[in-house]
Structures are given as structure tokens and as C-alpha cells.
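Step one of this worksheet: look at the structure below.
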Amino acid sequence: MSVVKVMVVDDSFFSRTLIAETLRLGGCEVVGEADSFDSLLETYNNCKPDIVTMDIVMPGADGFECSRALLLNDPSAKIILVSSMKDEETELEAKRIGIVGYVQKPIDGDHLIKVIKNTLSPDSLYEQLIELGLETFNEALSQNITRMTKTPVTFVPMDTFETNYVSQGITTVIGIIGRHSGSMIIDLSTEAADKMVEVLLRRPSKSREEVLAMVAELANIVAGVACSMLNKKDKTYSLRVSPPSVFCSTNTEIASPNLKIQASYAQTTFGPIFLGIGFKKGATSWI
Amino acid sequence: MDITIINPLIASFTDILPQIGFSSVERRSISLVGSTLDYDGILVHISLVGVLKGAVLIGMSLDSAKLFASKMMMGMSVTEFDLLAQSAISEMGNMVCANACTQFSQVGITGLDISPPLLLIGRNGQATLPVPQTIAINFTVDSIDINVYVGLIQSK
């Protein structure tokens with residue numbers, strides 16, 4: 001690995017000096033220091049570090065506020081909290097914001113360097129999740145449609161949707177949390193949903209609510225089954241799903257500007273079903 | 001749904017927005033609506049999972065979204081609701097909901113986690129949240145009209 005460039009954010013001159021010295025001894029280059037929110041963005045944009053170490057308790061804006069500002073300025077910023085505070089809720093808040101690691105003060109130099117290396121090295125579990133994710137969700141969708149309606153399903157892969165996807169009529173969104181949080185999108189036309197309800201209930205749908213409930217339940221089952229399959233591959237994924245939200249509108253665009261979505265089209269007897277799945281790399285260095 | 005459940009979310013909204021460039025956050029109204037609501041413009045969707053589960057939607061008109069993104073980007077002109085503007089609004093949703101989870105923990109509701117934000121942009125749409133009732137909160141943020149819909153239930 002080439003020399004890692006680090007920026008240190010801490011209001012204490014002594015702490016900055018100590019962290020900077022620890023980093024230098026560990027083979028890193030300290031390219032910038034900031035003592036408060038005021039000089040944060042300018043320093044970051046000037047020195048373009050690979051890693052930022054961030055104190056939590058600072059006068060004025062705290063480490064979380066500074067981290068939000070940095071991530072808003074550069075969503076790919078890699079921030080490691082370095083603080084004497086370390087409790088479950090502070091860790092959770094850091095993860096939710098998008099902070100990648102957490103090291104407790106007083107700093108153990110070897111530990112800090114290990115966290116930095118982990119942050120910058122490829123995350124094999126995440127890569128496995130990305131490799132298996134869409135395939136697993138495809139399998140769960142296919143299995144369930146085939147079981148429920150006794151009709152075949154084939155898939156046409158789509159490139160990751162770089163531009164926004166336009167809904168066919170009914171969109172279901174399910175949030176996923178766990179080692180890597182994510183989102184699943186299932187989208188189909190109202191006609192396709194109507195036809196599917198007719199096959200499942202052996203009668204035409206009586207109401208729009210009935211159709212939406214079927215679509216929500218299908219998405220719920222697909223997400224639950226797929227996440228269980230992924231958790232079986234590696235239990236540390238610990239994926240859990242939210243209940244489904246359903247959106248109805250033709251011409252609604254669905255955008256995921258901060259999360260890469262992989263997608264496929266399931267070709268079914270009822271019409272095409274769009275399936276999109278994305279996972280956030282997120283926190284990987286909570287050791 | 002116990003309406004006080006939304007207090008941490010309101011607190012988060014009023015805490016976070018001044019940090020990202022807004023000077024006035026005014027809560028205009030709170031109402032209880034059903035599980036289905038109409039939207040016209042943009043919606044940021046974020047799921048919550050934990051002892052509470054469900055979703056939060058942050059909605060505004062497309063023109064408001066451009067204005068909002070412009071304010072977040074320190075007054076940069078936003079004539080199209082492009083990727084940068086979409087990213088800014090999504091990030092705002094993430095920040096508000098992430099901070100809301102922290103506010104929830106301060107009232108004893110710990111361990112909540114959120115999914116990444118998804119953005120829906122459309123006209124005359126309907127959203128159905130996975131709860132019997134949704135709380136709708138209307139805010140005026142620097143003259144921009146914003147609706148926040150909270151659909152949360154206790155996990156079994």
C-alpha cells in the first residue's frame with residue numbers, strides 16, 4: 001500500500017500532536033490538521049486525505065456535525081472517530097452517519113493503524129454480498145412466483161441504473177439493515193399485478209387495496225427469503241428487513257443517488273417485474 | 001399510534017437543518033392521516049428497523065426541492081433537479097433520520113437503524129406506508145414548504 005495520507009481533526013493541540021506522531025510512526029503521512037469546524041472543509045479540500053481522524057467532543061460543532069459536513073462535501077470521505085467516548089449508542093450514531101471506524105482514546109497506535117488499513121483494504125464480505133446480492137434476490141423472486149403461481153420466471157440483467165428508473169405503476173421499497181444496510185425495489189405495472197392477483201385468488205381483484213397488499217406481501221417474502229439466504233452464507237451479515245412501503249404512479253422516477261443499485265428484469269407470464277437491490281459499504285472497521 | 005412518538009424526529013429536523021444552511025425551521029401543523037397519502041413532487045424514503053419499524057417520508061414540490069438543494073449548496077443555482085441536487089436532498093434525509101435515532105435513544109428507544117435513502121420523483125402519486133396510521137407534519141423551512149410523514153409501529 002502506498003503511504004496513507006491522513007488529516008487529523010481535534011480541538012486539543014496535544015491530542016493532534018499525539019495522534020499525528022502515532023500516525024507517522026505507523027508509516028502514514030499527516031497531510032492536514034483542523035481544530036474546529038471553521039477550518040475543516042478548507043483543509044480537507046486542500047489536502048485531500050485518504051483518511052480523516054475525528055474527535056467527538058469539540059467546542060462549537062462536535063465530531064458528528066463535522067463528519068456530516070465532510071460527508072456532504074465528499075460522500076466518499078473516510079472518517080474514523082477517535083474519542084474517549086465509546087458506548088453502543090455513540091457507535092450506532094457514527095455508523096448511521098456513515099463514519100467507517102471508531103478508535104478509543106487513549107490511542108493504541110497499532111490498533112489505529114490496523115483500523116486504517118482495514119478501512120482502505122477491500123472488504124471481502126461486502127464484495128461477496130455485492131456478487132451474490134442480486135442473484136440471491138432473483139432466486140427468491142423466481143422461487144416465490146413459481147411456487148405461488150406455477151408459472152416460470154426468467155431474468156434479463158440490467159446495468160446498474162445510472163440514470164433514474166421510471167416506474168411501471170406500482171413500486172415497493174423495502175429497507176435492509178445489518179452489517180451493510182441497503183434497499184430493495186420491486187416495480188411492476190398495475191396490469192401485471194392485477195393478473196397475478198387473479199391467478200393467486202382464482203378471481204379478479206375486488207379492489208386496488210387487494211392488489212397493493214399482494215404486491216407488498218410478495219416484496220416482503222422476497223426480501224425476507226433473500227436476506228435469510230444471505231445470512232446463511234455468512235451470519236455476520238445479520239440482515240433484517242423493514243416492512244414494505246408501496247408507491248403508485250406511472251412516470252414516477254426512482255433515484256438512488258447515494259447508493260449503487262444492481263437491477264434485473266424478471267420476465268413473467270404477467271409482465272416484466274423490475275428488481276433492484278443495493279447495499280452500502282458503510283462501516284467495516286468496528287474492531 | 002402514540003403521537004408523541006414523533007417528538008425525536010421533530011427535534012432532529014429542527015436540530016439538523018440549521019447545521020446545513022437553513023436559518024428558520026417552523027413547525028406548522030401535525031395531523032394524523034391513514035396509511036395512504038398523495039404526493040406531487042419528490043419524496044425521500046427511509047426505512048427504520050428496530051423496536052420501532054416502518055418508514056419516514058420527506059416530501060416537497062419539485063420547485064421547493066430545487067430551492068432546498070440550492071440552499072444546501074450555499075446558494076448555488078439549481079435549475080434542474082439533477083444528480084447533485086438529488087444527492088443533497090437524499091443526504092439531508094439520511095442526516096435527519098440518523099439523528100432522530102439518536103434522539104430516540106435519549107428517550108429510551110435504543111438500537112434503531114435506518115436504510116439508505118431512496119428518492120421518488122413524480123406527479124399525482126400515492127404512497128402507502130406499512131402502518132394503519134401515519135403522522136403528517138408540515139414544516140416551513142426558510143419559506144420552503146416540507147411535509148414529513150412518519151409511519152412507525154412497535155415491532156412484535
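Below, chain A is the first sequence line, B the second, and so on; all start at residue 1.
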Pairwise side-chain contact, B:L118 with A:F247, heavy-atom cut-off 4.5 Å (strictly under): no

Greatest number of heavy atom pairs closer than 4.5 Å to chain B - which of A:S242, A:A216, A:C248: A:C248

Pick from B:T36, B:I46, B:L112 with the largest number of heavy-atom pairs that fall under 4.5 Å of chain A: B:L112

Distance, nearest 0.5 Å, that separates CD1 of A:I254 from CG of B:L43: 11.5 Å

Which of B:S155, B:C101, B:G125, B:A88 touches chain A most, by non-hydrogen pairs under 4.5 Å: B:C101

Qualifying residue, where the test is side chain to side chain contact (heavy atoms under 4.5 Å, CB included) with A:R68 and the options are B:I20, B:I16, B:N94: B:I16

Best-contacting candidate, B:C97, B:A98, B:P116, against chain A by heavy atom pairs under 4.5 angstrom: B:P116

Other residues, nucleotides, ligands: >12 heavy atoms within 6.0 Å of A:E127 CD: yes

Option in A:S167, A:G278, A:S245, A:G178 with maximal non-hydrogen atom pairs under 4.5 Å from chain B: A:S245

Residue among A:P257, A:S256, A:P75 satisfying side chain to side chain contact (heavy atoms under 4.5 Å, CB included) with B:S90: A:P257

CA sep, side-chain torsions, deciding dist, call: B:T102, A:R96, side chain to side chain contact (heavy atoms under 4.5 Å, CB included): CA-CA 9 Å; B:T102 306; A:R96 288 187 295 247; 3.0 Å; yes

Where A:L72 and B:E91 come nearest, the two heavy atoms and their spacing: CD1-CG, 3.3 Å

Heavy-atom pair count under 4.5 Å with chain B, highest-scoring of A:V173, A:N251, A:V166: A:V173

Check: A:G175 main-chain N/O paired with B:S47 side-chain donor or acceptor under 3.5 Å: yes

Minimum-distance pair of heavy atoms, taken over all atoms of A:S249 and B:Y39: CB-OH, 3.8 Å

Among the listed options A:N73, A:I177, A:I174, A:T250, the residue most often paired with chain B at heavy-atom distances under 4.5 Å: A:I177

Winner by heavy-atom pair count (cut-off under 4.5 Å) against chain A, out of B:A127, B:A55, B:P117: B:A127

Heavy-atom side-chain contact between B:Q126 and A:V246 under 4.5 Å: no

A:E89 portion near chain B, given a 4.5 angstrom heavy-atom threshold: side chain

CG on B:L119 to CG on A:L259, rounded to 0.5 Å: 12.5 Å

Nearest-0.5 Å distance, CD of residue A:E253 to CZ of residue B:R123: 12.5 Å

Interchain contact, B:L57 with chain A, by part (heavy-atom threshold 4.5 Å): side chain

Non-hydrogen atoms of A:R240 and B:G50 that approach each other most closely: NH2-CA, 3.9 Å

From OG (B:S115) to CD1 (A:I176), nearest 0.5 Å: 8.5 Å

